[in-house]
Number of protein chains: 2
Amino acid sequence: MVTLEDVARHAGVSLATASRVLNGSARQVGAGLRAKVEQAAAELGYRTNVAAQTLARGAGNVIGLVVHDLVDPYFAAIADGAVRAAEAHGMVVMVGTTHRDPAKEIAYVSSLGAQRARAVILAGSRTDDPSAAALRAELDRYRNGGGRVAVIGQDLLGTDTVAVANRAGAAALAEALTAMGHRDFAVLAGPPGLITAVDRCEGFAGALPGPAPQIVHGPFDRDGGYAAARSIGPGVTCVFAVNDVMAVGALAAFRERGVRVPDDVSLAGFDDIATLRDLVPALTTVRLPLAELGARAVELALGDGEEPSVVHVEGEVVIRESVRAR
Amino acid sequence: MVTLEDVARHAGVSLATASRVLNGSARQVGAGLRAKVEQAAAELGYRTNVAAQTLARGAGNVIGLVVHDLVDPYFAAIADGAVRAAEAHGMVVMVGTTHRDPAKEIAYVSSLGAQRARAVILAGSRTDDPSAAALRAELDRYRNGGGRVAVIGQDLLGTDTVAVANRAGAAALAEALTAMGHRDFAVLAGPPGLITAVDRCEGFAGALPGPAPQIVHGPFDRDGGYAAARSIGPGVTCVFAVNDVMAVGALAAFRERGVRVPDDVSLAGFDDIATLRDLVPALTTVRLPLAELGARAVELALGDGEEPSVVHVEGEVVIRESVRAR
DNA sequence: GCATACTGGGAAATCGCTTTCCGGGAGGAT
DNA sequence: ATCCTCCCGGAAAGCGATTTCCCAGTATGC
């Protein structure tokens with residue numbers, strides 16, 4: 001491998017000068033030497049050793065992104081946004097997938113700390129269980145080492161946050177559905193302890209003028225929606241799944257049982273994942289700018305680093321065929 | 001940050017011993033000292049500085065994965081498999097997305113080289129255009145620096161490869177469709193220069209006993225399928241899209257124009273992406289073990305490194321509702 | 001014309017870890 | 001008891017950059 005020293009020798013300058021030319025520095029270098037160094041680097045095919053650079057500088061160019069599941073379109077979209085934004089800043093993204101295991105989330109933060117990652121971004125909502133304390137401890141340690149942390153979702157870790165208006169979005173959806181004549185709702189509410197799920201569920205229920213909705217708990221994924229939909233009691237005219245992948249599962253369950261959407265029951269989700277586009281019927285949902293969430297988190301984490309700041313993002317109700325007025 | 005030296009001092013041993021205990025080494029360390037070091041590390045909250053380790057060892061624990069688009073379920077599934085496999089080997093994955101720009105692909109390989117990444121995995125098929133030479137040059141340079149390269153798709157870069165039997169899979173599909181009574185086909189063939197697309201198209205066409213299929217070229221993504229489907233001529237009873245996302249687009253186009261699938265025309269894709277599961281009608285396709293592709297590529301790239309080896313993966317025809325016998 | 005910046009170049013000290021090499025002590029064979 | 005191995009601990013030389021000083025040369029202010 002060609003090292004900086006090789007380049008310097010080849011160009012007939014000192015190591016310091018070569019470094020200043022090739023890897024950016026506050027100091028200026030004269031045009032003549034600068035050209036010589038650049039040419040030498042090109043001829044030799046020099047490539048910076050990022051590990052050495054990271055060691056010397058004390059900070060790397062890696063941004064860590066921790067998601068639950070890359071196959072879930074929700075996280076895929078966020079990751080996409082994050083990768084693009086990182087790229088624009090000359091950073092590169094390392095992804096970890098936890099598959100909803102809090103221990104793995106902690107392990108990833110720890111590993112990213114070891115990498116001296118510039119920032120870590122946590123996507124995917126937290127539960128309120130005891131492992132949260134351990135995660136917080138790990139994050140604190142990471143930050144004490146000079147790292148930055150940004151969270152996508154709820155503002156509860158005391159860090160930079162891209163906060164999603166889950167309650168408001170769900171409430172707006174509830175109002176829209178009510179305005180279309182629905183009164184008897186079921187909510188596929190996800191896991192009882194998952195903050196995002198709880199917020200959406202409560203936001204929705206709180207905005208309902210009529211009777212309290214039927215609440216069905218279950219996993220936060222497609223199969224969770226599928227299972228939950230099968231245990232909805234009678235008399236419901238409209239079902240709200242707290243995220244789109246659950247709604248997709250619910251739709252499959254309805255289809256299998258011969259329940260027609262929207263003729264027999266209306267259905268709405270939350271997130272507006274890309275794959276909804278080709279679903280029949282098209283799914284009513286609350287649109288979130290997913291790629292933007294990822295990108296904003298990156299910007300935040302790369303920001304100047306004063307007080308932890310919170311960016312608020314709102315959802316927009318999108319009514320599609322899966323809901324019919326009563 | 002607490003360094004290894006801090007730990008060594010705290011434990012009253014030398015740097016070398018601490019290193020051997022904490023970061024794995026061929027050499028043994030006596031039980032007494034080992035315990036002291038471990039305790040000191042725990043008390044101080046020591047965390048290895050990976051950058052320093054990489055520098056000293058000359059090889060890091062990063063695997064680079066370059067895909068076209070994380071939002072495409074095909075790549076998401078591959079990435080998921082790769083991340084899991086990497087994790088099992090104590091490695092971590094850095095993803096880059098090219099959005100089908102060959103220049104970006106090269107840039108990522110270069111950047112991964114600078115990271116001293118242990119291996120880079122290229123997913124997403126290549127074109128046969130001139131930039132291929134530049135990519136090859138960059139890959140060679142990377143390998144000369146001691147890196148490993150694995151490619152998912154076609155065996156044409158002279159590296160470790162997870163080769164997909166595109167021709168055979170498409171041929172098997174053609175036979176299955178023919179056996180169901182179809183004779184008049186259209187192929188949504190993707191871009192003319194894209195190897196994967198060409199292989200699937202030719203494999204399909206070559207296995208057809210009847211007249212040559214109608215070939216419609218277009219982009220390799222959902223919208224490409226949508227557009228291509230709209231320009232299919234009359235008389236066709238069955239359409240083969242060279243990948244699933246294109247088939248999904250085609251389905252949307254048909255639906256909009258009132259063409260019923262499978263009543264008016266049958267439709268098949270290739271890949272068996274996860275999102276097909278909730279499509280109506282369920283899509284006939286050739287199943288590829290996508291996550292496994294990613295995982296196998298990682299194994300290959302981490303293998304002992306003799307001759308470049310090629311793993312062959314076959315597709316399996318899966319007939320679903322979107323195809324009807326004639 | 002002289003003191004005072006200011007500019008750009010280079011020598012050398014880090015950064016935190018791995019690993020080679022050296023050496024002392026324990027154990028086995030003769 | 002002597003000699004040879006092993007075995008394991010430590011000192012120190014890198015790994016490839018960045019950055020702080022130090023310095024000479026030139027520009028600036030009066």
Side-chain angles (χ1 to χ4, degrees), chain A residues 1-38 40-41 44-62 90 111 113-118 145-147, chain B residues 1-38 40-41 44-62 90 111 113-118 145-147:
Chain A
M1 285 259 89
V2 178
T3 73
L4 190 58
E5 193 176 349
D6 299 332
V7 175
R9 195 178 5 251
H10 193 75
V13 302
S14 77
L15 205 52
T17 301
S19 169
R20 296 199 260 252
V21 170
L22 294 175
N23 297 315
S25 145
R27 291 264 310 251
Q28 292 291 316
V29 172
L33 293 191
R34 146 165 263 113
K36 280 211 285 195
V37 171
E38 276 162 355
L44 268 38
Y46 171 71
R47 194 112 311 173
T48 302
N49 182 326
V50 177
Q53 195 168 51
T54 300
L55 177 58
R57 291 222 251 248
N61 69 334
V62 170
S111 158
Q115 304 276 350
R116 297 301 187 271
R118 188 76 129 263
Chain B
M1 285 258 90
V2 13
T3 73
L4 190 58
E5 192 176 350
D6 299 333
V7 175
R9 195 177 7 248
H10 194 75
V13 302
S14 77
L15 206 51
T17 300
S19 171
R20 295 200 259 254
V21 171
L22 295 176
N23 297 315
S25 146
R27 290 267 308 256
Q28 292 292 315
V29 172
L33 292 192
R34 147 164 262 113
K36 279 210 289 196
V37 171
E38 275 162 355
L44 266 40
Y46 171 70
R47 193 112 312 172
T48 302
N49 181 328
V50 177
Q53 194 166 356
T54 299
L55 177 57
R57 291 220 250 247
N61 69 334
V62 170
S111 157
Q115 303 276 350
R116 298 300 185 272
R118 187 76 128 264

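Naming: A, B, ... by sequence-line order, numbering from 1 per chain. Predicted model only: the values in this text are computed from it and were never measured.
Mapped onto DNA chain C by nearest heavy atom, A/Gln28 and B/Val2 fall at different nucleotides, with A/Gln28 at the one closer to the 5' end. Residues A/Leu15 and B/Ser14 each lie close to DNA chain D; by heavy-atom proximity, the contact nearer the 5' end of the strand is made by B/Ser14. Residue order along DNA chain D, read from the 5' end via each residue's closest nucleotide, puts B/Gly30 first among A/Tyr46 and B/Gly30.
Within the 4.0 Å cut-off from OP1 or OP2 of C/dG8, not a single side-chain nitrogen or oxygen of A/Arg27 is found. A close approach under 4.0 Å does occur between a side-chain nitrogen or oxygen of B/Gln53 and OP1 or OP2 of C/dT18. Within the structure, every side-chain polar atom (N or O) of B/Ser19 is placed at least 4.0 Å from both OP1 and OP2 of C/dC17. Phosphate proximity of D/dC15 to A/Asn49: absent, as no side-chain N or O sits under 4.0 Å from OP1 or OP2. OP1 or OP2 of C/dT18 has at least one side-chain nitrogen or oxygen of B/Asn23 nearer than 4.0 Å.
B/Leu55 places its CG atom 12 Å from the P atom of C/dC17, with the value rounded to the nearest Å. Atom CZ of B/Arg57 and atom C1' of D/dG14 are 15 Å apart (whole Å). Between A/Arg116 atom CZ and C/dC17 atom P there is a gap of 7 Å when expressed in whole angstrom units. The interatomic distance linking A/Leu44 (CG) with D/dG16 (C1') rounds to 15 Å, in whole Å. If you measure from atom CZ of B/Arg20 to atom P of D/dA11, you get 11 Å, rounded to the nearest angstrom.
Of the candidates D/dG10, D/dA17, C/dG9, the closest approach to any side-chain atom of A/Thr17 belongs to C/dG9.
Heavy-atom minimum distance, B/Gly45 versus B/Val2: O-CG1, 3.7 Å.
Residues B/Gln53 and B/Asn23 form a side-chain contact, since some pair of their non-hydrogen atoms from C-beta on lies under 4.5 Å apart.
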